[in-house]
Amino acid sequence: MSRILNAIVAVCPDLGIGRNGDLPWNPVRLNNEFKHFRKMTSTPSVEGKQNVVIMGRKTWFSIPEKNRPLNNRINIVLSRELKAPPAGAHYLAADFSSALRLVDVELADRADQVWVIGGSSLYKEMMESPGTRRLFVTQILKQFECDTFLPEISPDKYRQLTEFPGVSKELQEENGIQYRFEVYESI
């Protein structure tokens, strides 16, 4: 059985996902958007298993130290330079395919869903990988200055789902910023 790969990301209208190693809307906090991220990435579909979050080194270090590792999830950090997992991370992999092998072999009995949580090049690799892929996208309906971007979600490779269990279809608003949750699945 091949595993469904998930990615979760919040994007500005220009597909911007970050600025200076932080979220583009920082210092504004979108607590409900963060709760959505936490619920999606930490709720396994199989009791007794844990979800896996895979992230690049820069994404790992952009998480406030007090929040690392992301709890109730197996944290895998990708880096070609590091020789050991950074403090707090559970595993280190040289690249995305090595991380997936780690999940399928060493973690097979404990791992449930796989979530890619950034950055840009990892999203690109996941979006172009074979098999079924789902993108959980928070569309932030306000433009912020960005220096890091999500690759385009190509309509010939992905279709937007009209609904998905546990994902609200309602327009959200926090601290004057509107956003909506969208789910895309590979065709």
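These numbers come from a predicted model, not from an experiment.
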Original post:
Do Tyr123 and Leu135 touch side chain to side chain, with heavy atoms closer than 4.5 Å?
Top reply: no

**OP:** For Thr43 and Lys39, indicate whether the former's side chain and the latter's backbone hold a donor-acceptor pair under 3.5 Å.
**Re:** yes

Original post:
Ion pair present between Arg80 and Asp95, side-chain N to carboxylate O less than 4.0 angstrom?
Top reply: no

Subject >> Short side-chain donor-acceptor distance under 3.5 Å, Tyr179 and Glu173 >> reply: no

Original post:
Are any side-chain N or O atoms of Lys142 and backbone N or O atoms of Pro13, one a donor and one an acceptor, separated by less than 3.5 Å?
Top reply: no

Original post:
Is any side-chain heavy atom of Asn51 closer than 4.5 Å to a side-chain heavy atom of Thr41?
Top reply: no

**OP:** Nearest 0.5 Å please: distance from the CH2 atom of Trp25 over to the SG atom of Cys146.
**Re:** 7.5 Å

**OP:** Check for a donor-acceptor pair, side chain of Asn175 on one end and backbone N or O of Arg29 on the other, with a separation under 3.5 Å.
**Re:** yes

**OP:** Report yes if some heavy atom in the side chain of Thr138 is under 4.5 Å from a heavy atom in the side chain of Val9; otherwise report no.
**Re:** no

Original post:
How far apart are the C-alpha atoms of Ile153 and Gln160, what are their side-chain angles, what is the distance that settles it, and do they pass the side-chain contact (heavy atoms from CB on, under 4.5 Å) test?
Top reply: CA-CA 10 Å; Ile153 302 170; Gln160 186 175 350; over 6 Å; no

Original post:
Which atom names give the shortest non-hydrogen contact between Pro86 and Phe61, and what distance separates them?
Top reply: CB-CZ, 3.7 Å

Subject >> Stepwise side chain to side chain donor-acceptor pair (under 3.5 Å) test for Asp112 and Gln50 >> reply: CA-CA 5 Å; Asp112 185 24; Gln50 276 191 316; over 6 Å; no

Original post:
When you check the gap from the basic side-chain N to the acidic O, do Glu81 and Arg57 get nearer than 4.0 Å?
Top reply: yes

Subject >> Main-chain N/O of Pro155 paired with Arg159 side-chain donor or acceptor, under 3.5 Å >> reply: no

**OP:** Compute whether any side-chain donor of one residue and acceptor of the other, for Tyr158 and Arg134, lie under 3.5 angstrom apart.
**Re:** no

Original post:
Other than Val46, which residues form its hydrophobic cluster under the rule that side-chain heavy atoms must be closer than 4.5 Å?
Top reply: none

Original post:
Is the side chain of Glu145 donor-acceptor paired with the backbone N or O of Arg19 at a distance under 3.5 Å, no angle test?
Top reply: no

Subject >> Any side-chain heavy-atom pair of Leu23 and Val28 under 4.5 Å >> reply: no

**OP:** Dump the intermediate steps for side-chain contact (heavy atoms from CB on, under 4.5 Å) on Leu171 and Leu141, then the final yes or no.
**Re:** CA-CA 10 Å; Leu171 182 67; Leu141 304 177; 3.5 Å; yes

Subject >> Parallel, tilted or perpendicular: rings of His36 and Phe181 (30°, 60°) >> reply: parallel

Original post:
How long is the span from the OG1 atom in Thr132 to the CG atom in Leu5, to the nearest 0.5 Å?
Top reply: 8.5 Å

Original post:
Any donor-acceptor pair under 3.5 Å linking the side chain of Arg68 with the backbone of Lys66?
Top reply: no

Original post:
What's the verdict on side-chain contact (heavy atoms from CB on, under 4.5 Å) for Ile54 and Leu122, showing C-alpha distance, side-chain angles and the deciding distance?
Top reply: CA-CA 9 Å; Ile54 300 176; Leu122 185 52; 4.0 Å; yes

Subject >> Distance-only donor-acceptor check, side chains Ser168 and Gln172, under 3.5 Å >> reply: yes

Original post:
Under 3.5 Å, side chain of Glu174 to main-chain N/O of Asn32, donor-acceptor pair present?
Top reply: yes

**OP:** Check whether any side-chain N or O of Asn75 sits under 3.5 Å from a backbone N or O of His90 as a donor-acceptor pair, and report yes or no.
**Re:** no

Subject >> Asn72 side chain vs Ser42 backbone, donor-acceptor pair below 3.5 Å >> reply: no

Original post:
Counting only heavy atoms not in Lys124, do more than 12 sit closer than 6.0 Å to its NZ atom?
Top reply: no

Original post:
Quick one: does Gln139's side chain get under 4.5 Å of Gln178's, heavy atoms only?
Top reply: no

Subject >> Arg73 side chain to Asn71 backbone, donor-acceptor under 3.5 Å >> reply: yes

**OP:** List for me each residue that meets side-chain contact (heavy atoms from CB on, under 4.5 Å) alongside Ser120, sequence neighbours excluded, and say none if there are none.
**Re:** Ile17, Thr148

Subject >> Sub-6.0 Å ring centroid separation between Tyr184 and Phe136 >> reply: no

Original post:
Linking I/L/V/M/F/W/Y whenever any side-chain heavy atoms sit under 4.5 Å apart, do Trp115 and Trp60 land together?
Top reply: yes

Original post:
How are the rings of Phe34 and Phe37 set to each other: parallel, tilted or perpendicular (split at 30° and 60°)?
Top reply: parallel

